[in-house]
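Reading through the structure tokens given below for one structure.
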Amino acid sequence: MKINEFTKATKIYFRSQRLRIVFAILWVVFVGLIISLGFGTDPYLLHVRGIPAPHPYPVELVVILVMAMLFHLSLLVTLDVYLHSRWKFLAMLVTSVLFLLYFGMMAMHAPPPLGGMIFWTFLSSLLFLVICFWQACLLLLRRFFRRA
């Protein structure tokens, strides 16, 4: 695929729905947040383990989290592109909730970058939950208040 075809396909993908642009901007913001939170002090290392303040940058953790966010985004985009029914938002919700459960189990002593990842998965799960609720309400309204 040539560069021009890729940019054309990307423009068409984002023009079709404005929510995709907001989601992509939030995703980029949270990737930047995860990278920048690695420079902060880790409260677990500071208070529980008693290690003094200049902590090393958690390169491995940040790379794993960014790759997990890329994987999550690729799953969501694949579901969005290839599913053409109302069930795609439910599939996106299930995918985001599974990511939230996996990363949320480590929330008790999570370093700051992992906290950013947990917050991202919570936010995306909440977004898809609201969309699924909206779709269910529209379906019920159409079914019960249809004009004869």
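Residue numbers count from 1 along this sequence.
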Check against side chain to side chain contact (heavy atoms under 4.5 Å, CB included), Leu83 and Trp87: CA-CA 8 Å; Leu83 286 179; Trp87 296 102; 5.9 Å; no
May I ask whether [X] and [Y] are part of the same hydrophobic cluster, defined by side-chain heavy atoms of I, L, V, M, F, W, Y residues being less than 4.5 angstrom apart, directly or through others?
{"X": "Met69", "Y": "Val59", "result": "yes"}
{"X": "Leu26", "Y": "Ile21", "result": "yes"}
{"X": "Ile131", "Y": "Tyr82", "result": "yes"}
{"X": "Leu98", "Y": "Phe122", "result": "no"}
{"X": "Ile34", "Y": "Phe71", "result": "yes"}

Whether over 12 other heavy atoms sit under 6.0 Å from Tyr102 OH: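 No, not enclosed.
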Within 6.0 Å of OH in Tyr13, more than 12 heavy atoms from elsewhere: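 It does: Tyr13 OH has more than 12 such atoms within range.
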Nearest heavy-atom pair of [X] and [Y]: which atoms, and what distance?
{"X": "Leu93", "Y": "Ser125", "value": "CD1-O, 3.3 Å"}
{"X": "Phe103", "Y": "Ala68", "value": "CZ-CB, 3.6 Å"}
{"X": "Ser74", "Y": "Thr78", "value": "O-OG1, 2.7 Å"}

Residues Asp42, Ile51; criterion side chain to side chain contact (heavy atoms under 4.5 Å, CB included); working and verdict: CA-CA 9 Å; Asp42 189 353; Ile51 298 174; over 6 Å; no
Are the side chains of [X] and [Y] in touch, meaning some heavy atoms are under 4.5 Å apart?
{"X": "Leu140", "Y": "Cys137", "result": "no"}
{"X": "Val29", "Y": "Trp120", "result": "no"}
{"X": "Pro58", "Y": "Pro113", "result": "yes"}
{"X": "Leu65", "Y": "Ile35", "result": "no"}
{"X": "Met105", "Y": "Leu101", "result": "no"}

Donor on one side chain, acceptor on other, His72 and Ser96, under 3.5 Å: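 There is such a pair between these side chains.
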Result of checking Phe30, Trp27, Phe128 against Leu123 for side-chain contact (heavy atoms from CB on, under 4.5 Å):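 Only one option passes, and that is Phe30.
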Verdict with supporting geometry, Asp80 and Arg20, side chain to side chain contact (heavy atoms under 4.5 Å, CB included): CA-CA 10 Å; Asp80 190 29; Arg20 292 175 180 164; 2.8 Å; yes
Criterion side chain to side chain contact (heavy atoms under 4.5 Å, CB included) on Leu79 and Phe89, from CA distance to verdict: CA-CA 8 Å; Leu79 289 171; Phe89 293 114; over 6 Å; no
